Undergrad: 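I'd like to ask some things about the structure below.
Computed from a predicted model, the values in this text were never measured in an experiment.
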Amino acid sequence: MAIAEYRLVALDCPDPPALATFYAGVLGGEVKQYDDDWYDLYVPGGHHISFQRAPGHRPPDWPRADDNSQQMHLDFTVPDIDTAETRVLALGATPLDLDDENGRRRFRVYADPVGHPFCLCWD
């Protein structure tokens with residue numbers, strides 16, 4: 001029996017509306033403001049991601065595992081990796097690891113505009 005029910009993922013960032021808008025560009029959906037320090041993105045399918053103001057936010061040093069390692073990352077499934085890559089880069093993503101081993105490794109790694117790692121994956 002479960003102890004808890006999953007609710008959401010919240011990302012720390014210096015500018016919640018800007019990061020929420022970035023992810024709305026990636027996933028679609030509607031951005032809603034809770035207060036000055038908290039914004040929610042409600043995506044198709046009923047899930048949501050929250051964005052919390054953290055003035056001292058420092059992005060992780062991907063993929064290090066020592067002093068400032070990656071704490072978490074998001075995975076998104078896409079139908080066409082090249083089209084998706086072009087679109088996330090236009091929205092402000094930064095490539096971190098694009099070597100998908102000629103398609104054998106079915107993902108590529110990027111950072112959002114404030115440095116959170118995320119992967120575009122395909123089947």
Undergrad: Shortest non-hydrogen contact from Leu120 to Phe118?
TA: CD2-CE1, 4.1 Å

Undergrad: Answer whether the closest heavy-atom distance between the side chains of Val31 and Pro17 falls below 4.5 Å.
TA: no

Undergrad: Is a side-chain N or O of Arg108 found less than 3.5 angstrom from the main chain of Asp100, in a donor-acceptor match?
TA: no

Undergrad: Residues two or more places apart in sequence or in another chain: which of them pass side chain to side chain contact (heavy atoms under 4.5 Å, CB included) with Asn102?
TA: Arg104

Undergrad: Given the rule that I, L, V, M, F, W and Y join up when any side-chain heavy atoms are under 4.5 Å apart, are Tyr110 and Val9 in one cluster?
TA: yes

Undergrad: So Tyr42 and His48, would you call those rings parallel, tilted or perpendicular, with 30° and 60° as cut-offs?
TA: parallel

Undergrad: Test your reading of the model: is there a side-chain donor-acceptor pair from His116 to the backbone of Leu11, 3.5 Å cut-off?
TA: no

Undergrad: Of the non-hydrogen atoms in Pro117 and Pro60, which two are nearest, and what is the gap between them?
TA: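 Residues Pro117 and Pro60, closest heavy atoms: CD-CG, 3.8 Å.
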
Undergrad: Pick one: which of Asp80, Ile81, Thr77 meets side-chain contact (heavy atoms from CB on, under 4.5 Å) with Trp122?
TA: Ile81

Undergrad: Drop me the distance from Leu19's CG to His57's NE2, to the nearest 0.5 angstrom.
TA: 8.0 Å

Undergrad: Can you measure from OG (Ser50) to CZ (Arg7) and round to the nearest 0.5 angstrom?
TA: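 Going from the OG atom of Ser50 to the CZ atom of Arg7 covers 8.0 Å.
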
Undergrad: Looking at Phe22 and Ala93, what are the two nearest heavy atoms and their distance?
TA: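 Minimum heavy-atom separation between Phe22 and Ala93: CE1-N, 3.7 Å.
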
Undergrad: What closest approach, in Å, do Pro95 and Leu89 show between heavy atoms, and which atom pair accounts for it?
TA: CD-CD2, 3.7 Å

Undergrad: Assess the residue pair Lys32 and Asp40 against the criterion (salt bridge (charged side-chain N to carboxylate O under 4.0 Å, His left out)); give the C-alpha distance rounded to whole Å, side-chain angles, the decisive distance to 0.1 Å, and a yes or no.
TA: CA-CA 5 Å; Lys32 294 184 179 180; Asp40 296 301; over 6 Å; no

Undergrad: I need the full list of ring-ring contact (aromatic ring centres under 6.0 Å, His included) pairs touching residues 79-103, with sequence neighbours left out, sorted by first then second residue.
TA: none

Undergrad: Taking all non-hydrogen atoms of both residues, which atom of Leu91 and which atom of Gly25 are closest, and how far apart?
TA: CD1-C, 3.4 Å

Undergrad: For side chain to side chain contact (heavy atoms under 4.5 Å, CB included), just list the numbers for Asp112 and Val26, CA-CA rounded to whole Å, side-chain angles, deciding distance to a tenth of an Å, and then say yes or no.
TA: CA-CA 10 Å; Asp112 68 24; Val26 173; over 6 Å; no

Undergrad: Would you please test Glu85 and Leu98 for side chain to side chain contact (heavy atoms under 4.5 Å, CB included) and show each step?
TA: CA-CA 10 Å; Glu85 177 174 288; Leu98 301 183; 3.6 Å; yes

Undergrad: Kindly determine whether Gln33 and Tyr39 satisfy side chain to side chain contact (heavy atoms under 4.5 Å, CB included), including the steps that lead there.
TA: CA-CA 4 Å; Gln33 180 180 4; Tyr39 283 68; 3.2 Å; yes

Undergrad: Side-chain heavy atoms under 4.5 angstrom apart, residues restricted to Ile, Leu, Val, Met, Phe, Trp, Tyr: same cluster for Tyr34 and Leu41?
TA: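 Not linked; separate clusters.
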
Undergrad: Do you reckon Tyr23 sits in the same ILVMFWY cluster as Trp38, going by side-chain contacts under 4.5 Å, direct or chained?
TA: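 Each belongs to a different hydrophobic cluster.
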
Undergrad: Which atoms form the tightest heavy-atom contact between Pro44 and Gly28, and what is the distance?
TA: CD-C, 4.0 Å

Undergrad: With respect to Arg53, which candidate in Asp35, Asp12, Asp37, Asp36 satisfies the salt bridge (charged side-chain N to carboxylate O under 4.0 Å, His left out) definition?
TA: Asp37

